[in-house]
Amino acid sequence: MDKLIITAALSGAEVTREQQPKLPITPEEIGLAAQECFQAGAAIVHVHARRPDGTPTQDKETYRQIIAAVRARCDVIVQVSTGGAVGMTPAERLAPVTLQPEMATLSMGSVNFGGDVFVNHPADMAVFLRAMQQHGVKPELEIFDSGMLSTALRWLQKGVLSGPQHFDFVLGLAGGMAGTPEALMYLKSQLPAGSTWTVAGIGAAQLPLGALAIVLGGHVRVGFEDNVYYRKGELASSNAQLVARIARLSRELDRAVATPDEARNILGLRSRR
Ligand code: KMH
Ligand code: ZN
């Protein structure tokens, strides 16, 4: 079994300071949170940009500052969001890919998202993928529901996607697939050999699905984007606290935690050295 890759999804686009007072917003805060998560065992940081007032933006300059702030402090893999926030245009969402980060998310379909709809038109998805290919950015295929995995598998069959792919199963979102072991087991069972996958359990699903992924040979995403609590009724003190718990659990279960370079190797990314 590969070592465990922990992704820290530091802020997302929707969570507010009212919900989580420690939410990192500025590039400096995001850089600091990335460093703490790296020290706690994270190999990847999934980042979103915010304006100083906390509202979400896909502004390229802000992403440039975020990447620089992370790079100044540690060597984690930076994965930018192309999901942005509900309602953003595809062109807006694509902006950070032109900075040639190591990874970017690619949502594989549309989904009801809380009270909204997160729209991913197939034609736009193809444009996103081409841009990532042109810029040498590895996509992480975001799967919110089983039909999105079917789409990814169809793209693999048609050769739109080729080679081993990395999937993120985002489970437990209101409107998406349930945050249950059964849902995760089903998705895992559909993957072609050689695929890698991580699970992002939303809210209370974060810990149990993370624990399950550790024993199943998957990887784990935690962080304020998906869950602001450490346990029921108790807010997490930092993103790093959530990362540290998964790292601890994994070591207890005799699965070592991957460094960023080990994660690059597992994911087929070029080493930065
Ligand atoms: N904020 C959501 C609408 C991603 O980062 O790629 C989409 C999202 C997915 O967060
Ligand atoms: Zn995101």
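Only a predicted model underlies this, so the values are computations on that prediction, with no experimental measurement involved.
- Atom OG in S238 sits 7.5 Å away from atom NZ in K22 (nearest 0.5 Å).
- Taking the side-chain hydrogen bond (donor to acceptor under 3.5 Å, both in side chains) definition, one finds that K138 meets it with nothing, sequence neighbours left out.
- A side chain to side chain donor-acceptor pair (under 3.5 Å) check over residues 241-251, counting only residues at least two apart or in different chains, returns the pairs Y230-R248, S237-Q241.
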Side-chain donor-acceptor pairs under 3.5 Å in residues 176-184, sequence neighbours left out?
{"from": "T180", "atom 1": "OG1", "to": "A183", "atom 2": "N", "distance (Å)": "3.2"}

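- E252 CD: 12 or fewer foreign heavy atoms inside a 6.0 Å radius.
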Problem - Residues L269, M103; criterion side chain to side chain contact (heavy atoms under 4.5 Å, CB included); working and verdict - result: CA-CA 9 Å; L269 295 168; M103 294 181 80; 4.1 Å; yes
Only distances under 3.5 Å count here; give the side-chain donor-acceptor pairs of residues 26-35 to other protein atoms, sequence neighbours excluded, each with its distance to 0.1 Å.
{"from": "T26", "atom 1": "OG1", "to": "E29", "atom 2": "N", "distance (Å)": "3.1"}
{"from": "E28", "atom 1": "OE1", "to": "R73", "atom 2": "NH2", "distance (Å)": "2.8"}
{"from": "E29", "atom 1": "OE1", "to": "R17", "atom 2": "NH2", "distance (Å)": "3.0"}
{"from": "E29", "atom 1": "OE1", "to": "I25", "atom 2": "N", "distance (Å)": "2.8"}
{"from": "E29", "atom 1": "OE1", "to": "T26", "atom 2": "N", "distance (Å)": "3.0"}
{"from": "E29", "atom 1": "OE2", "to": "R17", "atom 2": "NH2", "distance (Å)": "3.4"}

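- Annotation: side chain to side chain contact (heavy atoms under 4.5 Å, CB included) contacts of D53 (sequence neighbours excluded): R51, T55.
- For the side chain to side chain contact (heavy atoms under 4.5 Å, CB included) test, residues two or more places apart in sequence or in another chain that qualify with S189 are Y186.
- The line from CG of L249 to CZ of R255 is 12.0 Å long, rounded to the nearest 0.5 Å.
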Practice task
Test R270 against E102 for salt bridge (charged side-chain N to carboxylate O under 4.0 Å, His left out), laying out the working first.
Solution key: CA-CA 9 Å; R270 247 175 281 122; E102 290 185 274; over 6 Å; no
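- Summarising the geometry, atom CG belonging to L149 is positioned 8.5 Å from atom OG1 belonging to T151; distances are rounded to the nearest 0.5 Å.
- Within 6.0 Å of the CE atom in M1, the count of heavy atoms belonging to other residues, nucleotides or ligands exceeds 12.
- Counting only residues at least two apart or in different chains, side chain to side chain donor-acceptor pair (under 3.5 Å) contacts with residues 197-213 comprise Q206-N227.
- With sequence neighbours left out, the side chain to side chain contact (heavy atoms under 4.5 Å, CB included) criterion links P96 to Q58, Y63, V80.
- Rounding to the nearest 0.5 Å gives a distance of 7.5 Å between CG of L106 and CG of L161.
- Salt bridge annotation for D59-R50: absent, with no cationic side-chain nitrogen under 4.0 angstrom from a carboxylate oxygen.
- Contact of the I44 side chain with the L267 side chain is registered, since non-hydrogen atoms from C-beta on lie closer than 4.5 Å.
- Rounding to the nearest 0.5 angstrom, the gap separating the CG atom in D124 from the OG atom in S107 is 11.5 Å.
- Evaluated for a side-chain contact (heavy atoms from CB on, under 4.5 Å) with I66, the options V47, L10, V45, L99 yield exactly one hit, V47.
- In the hydrophobic clustering of ILVMFWY residues, with side-chain heavy atoms under 4.5 Å counting as a link, I266 and F167 come out apart.
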Handout entry: Working for side chain to side chain contact (heavy atoms under 4.5 Å, CB included), residues R93 and T89
Key = CA-CA 6 Å; R93 286 168 48 187; T89 66; over 6 Å; no
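- Counting only N and O atoms by type, the side chains of T196 and H166 include a donor and acceptor under 3.5 Å apart.
- Residue pairs that meet the ring pair (Phe, Tyr, Trp, His ring centres under 6.0 Å) test with at least one member in residues 91-114, sequence neighbours left out, are F113-F118.
- Applying the ring pair (Phe, Tyr, Trp, His ring centres under 6.0 Å) criterion to W155, with sequence neighbours excluded, gives no partner residue.
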Review item, side-chain donor-acceptor pairs of residues 209-221, under 3.5 Å, at least two apart:
{"from": "H219", "atom 1": "ND1", "to": "I5", "atom 2": "N", "distance (Å)": "2.8"}
{"from": "R221", "atom 1": "NE", "to": "D226", "atom 2": "OD2", "distance (Å)": "2.8"}
{"from": "R221", "atom 1": "NH1", "to": "D168", "atom 2": "OD2", "distance (Å)": "3.4"}
{"from": "R221", "atom 1": "NH2", "to": "E225", "atom 2": "OE2", "distance (Å)": "3.4"}
{"from": "R221", "atom 1": "NH2", "to": "D226", "atom 2": "OD1", "distance (Å)": "2.8"}
{"from": "R221", "atom 1": "NH2", "to": "D226", "atom 2": "OD2", "distance (Å)": "3.4"}

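- In this view, N112 and V117 satisfy the side chain to side chain contact (heavy atoms under 4.5 Å, CB included) rule, not counting sequence neighbours.
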